[in-house]
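Report on the structure given below.
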Amino acid sequence: MTPSLRADLIARLSAAGDPERAKGQHRYMKSDLPFHGVRVPEVRRLARAVIKAHPIPDPSSWEEVILETWRSATHREQRYGAIEIAYAPSYRTWLRPACLPMLEEMIVTGAWWDYVDQLAGKHMGHLLASYPEDIRPVLLSWAVDADIWRRRTAILAQLRFKADTDTGLLFALIEPSIAEKEFFLRKAIGWALREYSKTCPDEVIGFVATNRHRLSTLSRREALKAIERKRG
């Protein structure tokens, strides 16, 4: 455990905070935790500086400091910092299938889009790209889970894949939620399809056409947004 890393992160976030901005962030995010009032790019910069200043010696210490920072957070940006530590380039080789319980805890206890979308597109995406045989079954299981944030994570896991997207897997992960009324699932479906449409528009057009009566208006609109914008 490296308590100095966590303490330094908290101190830097507190020093950089803007109380007025914190009030607005709290209202906007409807957060259970208060904010320091630090913009996300600045949180990332501070996290990088803290990671550089406090090298972590091994994977177990890395996971311990992430979970301790996450669990003991008193302000929302501290959890953003934990997410950054978990995806730091210098420790990314430590992000392996064995870390799934840690990521799952962060997803389920975070239970809001600002946490989950980062964990889905970056951390779970990295695991899927690096260990597809281990991670595909997990995502397929999460896609039918009762927890909407596991489902959203599964749908968004290939968000950054572009031409490397597994089309069949993407559609399989969308399928269990295609008729759901939950806003965060409908939005995730549209977002995942929209990002994929930037690389393979015909695949997305075909999927939307085939499922036009099952997809929500929100999902269809989001899915085709980039295509329609390009058409002018």
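Residue numbers run from 1 in the order of the sequence given. The model shown is predicted, which means the values in this text are computed figures rather than measured ones.
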Legend entry - Derivation and outcome, side chain to side chain contact (heavy atoms under 4.5 Å, CB included), residues Glu20 and Lys23: CA-CA 5 Å; Glu20 287 304 310; Lys23 292 177 186 177; 3.3 Å; yes
Inset, instruction - Could you tell me whether Trp94 and Tyr91 have their ring centroids closer than 6.0 angstrom? - result: yes
Are the side chains of [Y] and [X] in contact, using a 4.5 Å heavy-atom criterion?
X	Y	answer
Arg160	Lys122	yes
Thr153	Leu103	no
Asp32	Trp112	no
Leu128	Asp166	no
Leu170	Phe207	no

Inset, instruction - Flag yes if more than 12 heavy atoms outside Arg39 fall under 6.0 Å of its CZ atom; otherwise flag no. - result: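 Counting other residues, nucleotides and ligands, CZ of Arg39 stays at 12 neighbours or fewer.
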Legend entry - Lys198 NZ: over 12 foreign heavy atoms closer than 6.0 Å: yes
Has the side chain of [X] got a donor or acceptor atom that lies under 3.5 Å from a matching backbone atom of [Y]?
X	Y	value
Trp70	Thr109	no
Ser141	Pro137	no
Arg151	Asp145	yes
Asn211	Arg214	no
Arg220	Val208	no
Arg152	Phe184	yes
Arg136	Glu133	no

Ignoring hydrogens, what is the shortest heavy-atom contact between [X] and [Y]? Give both atom names and the distance.
X	Y	answer
Gly37	Glu77	N-OE2, 2.8 Å
Ile51	Ala88	CD1-CB, 3.8 Å
Leu9	Gly81	CD2-CA, 4.0 Å
Ile155	Ala188	CG2-O, 3.6 Å
Glu203	Phe171	O-CZ, 4.0 Å

If you round to the nearest 0.5 Å, how far is [atom2] of [Y] from [atom1] of [X]?
X	Y	atom1	atom2	result
Lys187	Ser219	NZ	OG	9.5 Å
Met102	Met106	CE	CE	6.0 Å
Arg6	Gln78	CZ	CD	8.5 Å
Tyr80	Leu13	OH	CG	11.5 Å
Lys181	Ser216	NZ	OG	11.5 Å
Arg27	Gln25	CZ	CD	10.5 Å

Legend entry - Option passing salt bridge (charged side-chain N to carboxylate O under 4.0 Å, His left out) with Asp114 (candidates Arg79, Arg76, Lys30):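 The passing option is Arg76.
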Legend entry - Side-chain H-bond candidate by donor/acceptor type, Thr167 with Tyr196, under 3.5 Å: yes
Inset, instruction - List the steps and the verdict of side chain to side chain contact (heavy atoms under 4.5 Å, CB included) for Thr165 and Cys200. - result: CA-CA 9 Å; Thr165 299; Cys200 295; over 6 Å; no
Inset, instruction - Consider only side-chain heavy atoms of I, L, V, M, F, W and Y, link residues closer than 4.5 Å, and tell whether Val38 and Leu33 are in one cluster. - result: yes
Legend entry - Leu140 reachable from Leu185 in the ILVMFWY side-chain graph, under 4.5 Å edges: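 Leu185 and Leu140: one cluster.
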Inset, instruction - Would you please name every residue forming a side-chain contact (heavy atoms from CB on, under 4.5 Å) with Ser14, sequence neighbours left out? - result: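 Ser14: side-chain contact (heavy atoms from CB on, under 4.5 Å) contacts with His36.
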Inset, instruction - With Met124 as reference, evaluate Leu95, Leu156, Val116, Leu100 under the side chain to side chain contact (heavy atoms under 4.5 Å, CB included) test and give the passing residue. - result: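 Of Leu95, Leu156, Val116, Leu100, side chain to side chain contact (heavy atoms under 4.5 Å, CB included) with Met124 is met by Leu100 alone.
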Inset, instruction - Tell me, with the steps shown, if Val138 and Leu127 meet side chain to side chain contact (heavy atoms under 4.5 Å, CB included). - result: CA-CA 11 Å; Val138 173; Leu127 286 178; over 6 Å; no
What donor-acceptor contacts under 3.5 angstrom involve side-chain atoms of residues 223-232, with partners at least two apart or in another chain?
from	atom 1	to	atom 2	distance (Å)
Lys225	NZ	Glu222	OE2	2.9

Inset, instruction - Carefully, step by step, assess Arg150 and Glu104 under the rule side chain to side chain contact (heavy atoms under 4.5 Å, CB included). - result: CA-CA 8 Å; Arg150 287 191 185 95; Glu104 187 171 9; 2.7 Å; yes
